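These notes are about the structure you will find just below.
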Amino acid sequence: MKDTRILITGRLPEDIMASLAEKYAVDANMEDRPFDRQKLLQSIRDKDGLISMITDSVDEELLNVSARLKIIAHFGVGYNNIDVKAATLRGILVSNTPGVLTDATAELAFALILAISRRLVAGDRITREGRFQYWAPMLFLGREVTGKTLGIIGLGKIGKAVAMRAKGFAMRVLYHNRNRIDISEEKAFNAEYVSLKTLLMESDFVSLHVPLTEHTKHLIGADKLSLMKPTAYLINTSRGPVVDEQALLNALRERKIEGAGLDVYEHEPALTPGLTELDNVILLPHVGSGTLETRVRMATMAAENLIAGLNGEVPPNLVNPEALTHRGLIK
Ligand code: 8YV
């Protein structure tokens with residue numbers, strides 16, 4: 001009989017699930033869809049550990065019924081779905097999975113840059129539909145990426161990985177951050193620090209890489225979109241609510257900007273009505289970290305954090321060290 005009980009709210013790779021099941025009594029959501037809220041509230045009552053997904057709202061209501069919970073090992077780098085403050089006050093450790101999804105997410109941002117500017121999705125569609133009937137020099141033109149200006153908002157791990165890829169396209173890279181990075185690092189990433197306004201006014205591509213916080217919600221609204229060039233594209237692989245989606249829809253509809261590549265949505269998985277009718281936007285189903293290799297690494301990392309937390313050790317990717325004090329692990 002295993003005394004330690006854990007809940008995993010999403011289906012992870014089989015071998016990782018199996019190795020956790022050797023140690024702990026596991027309750028898991030094995031359906032490839034978000035765990036039902038009522039089932040989550042019921043199951044968490046007697047659990048010592050939780051591996052959570054972005055689709056779980058880990059809020060006060062849930063924490064109030066989690067009498068035994070020691071650790072929330074989140075499967076993902078962004079953990080805006082977790083009330084970290086409330087967890088900390090209860091001495092519950094929270095960890096995430098940074099680093100292992102950096103390349104996959106940067107790849108996707110770049111894929112969107114190329115796909116929207118060269119009209120890949122629309123081109124595939126017309127070809128499939130038998131509408132590629134003749135070639136002509138001025139038909140179906142996109143815009144070149146090479147040599148253009150890329151504005152990165154949030155030059156953290158993923159933003160830097162996007163900047164590295166931009167070198168291969170000889171792009172000028174502008175960035176805006178709350179804090180400017182070291183000049184030597186700026187040189188390494190070939191990135192120039194500018195104000196948000198300058199970034200929006202000068203970039204041909206604006207790519208978002210900030211976490212969702214109270215400061216970044218609706219960071220890009222109608223006022224900011226109106227600063228962008230009419231030929232520019234917005235790329236969002238961060239979090240949907242960073243963009244005011246209705247304002248973006250209006251800007252795309254009125255061609256105030258050329259296009260957008262979106263992987264995340266303000267009211268995910270719902271889309272603002274009208275978005276799917278536009279031909280100047282590419283819409284993906286939140287797959288920034290969605291490669292097999294990365295998902296295996298994320299699951300391994302989440303499991304390692306969970307095990308450490310349950311063993312009374314400090315999880316390698318702890319995001320709320322203050323919780324150790326509340327837990328009595330540190331005086
Ligand atoms: C995941 C993500 O798809 O890590 C993140 O912040 O957005 C993605 O990697 C998602 O969080 C899974 O829970």
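Counting convention: from 1, in listed order, for ligands and their atoms alike. This one's a predicted model, so the numbers in the text were calculated from it and none came from an experiment.
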May I ask you to say whether Asp48 pairs ionically with Arg5, meaning some side-chain N is under 4.0 Å from a carboxylate O?
no
Residues Glu186, Arg180: salt bridge by 4.0 Å N-O rule:
yes
Which of the numbered atoms in ligand 1 are below 4.0 angstrom from a heavy atom of Gly78?
4 (O), 5 (C), 6 (O)
If the cut-off is 4.0 Å to any non-hydrogen atom of Met298, which atoms of ligand 1 fall inside it?
9 (O)
How far is atom 5 (C) of ligand 1 from its nearest protein heavy atom, and which residue and atom is that?
Val77 N, 3.4 Å
Is there a donor in the side chain of Asn64 and an acceptor in the side chain of Arg90, or the other way round, less than 3.5 Å apart?
yes
Side-chain ion pair, Lys229 and Glu202, N-O less than 4.0 Å:
no
Closer than 4.0 angstrom, basic N to acidic O: yes or no for Asp103 and Arg165?
yes
Arg297 versus Thr294, side-chain donor and acceptor atoms under 3.5 Å:
yes
Do Leu212 and Val84 share a hydrophobic cluster, counting only Ile, Leu, Val, Met, Phe, Trp and Tyr and linking them when any side-chain heavy atoms are less than 4.5 Å apart?
no
Glu268 and ligand 1 - part of the residue with a heavy-atom distance under 4.0 Å
neither
Protein heavy atom at shortest distance from atom 2 (C) of ligand 1:
His286 NE2, 3.6 Å
Nearest-neighbour protein heavy atom for atom 3 (O) of ligand 1, which is reported as residue plus atom name and distance:
Arg295 NH2, 3.2 Å
Do Arg172 and Asp204 sit within salt-bridge range, that is, some charged N less than 4.0 Å from a carboxylate O?
no
Give the single entry among Ser238, Ala104, Ser289 that approaches atom 8 (C) of ligand 1 most closely by any heavy atom.
Ser289
Atoms of ligand 1 close to Leu101 [distance to a heavy atom under 4.0 angstrom, numbered from 1]:
4 (O), 9 (O)
For atom 10 (C) of ligand 1, what is the nearest protein heavy atom, given as residue, atom name and distance?
Ile54 CG2, 3.9 Å
If you scan protein heavy atoms around atom 12 (C) of ligand 1, the nearest is Phe75 O, 3.3 Å
Subset of ligand 1 atoms that lie under 4.0 Å from at least one heavy atom of Gly76
4 (O), 5 (C), 11 (O)
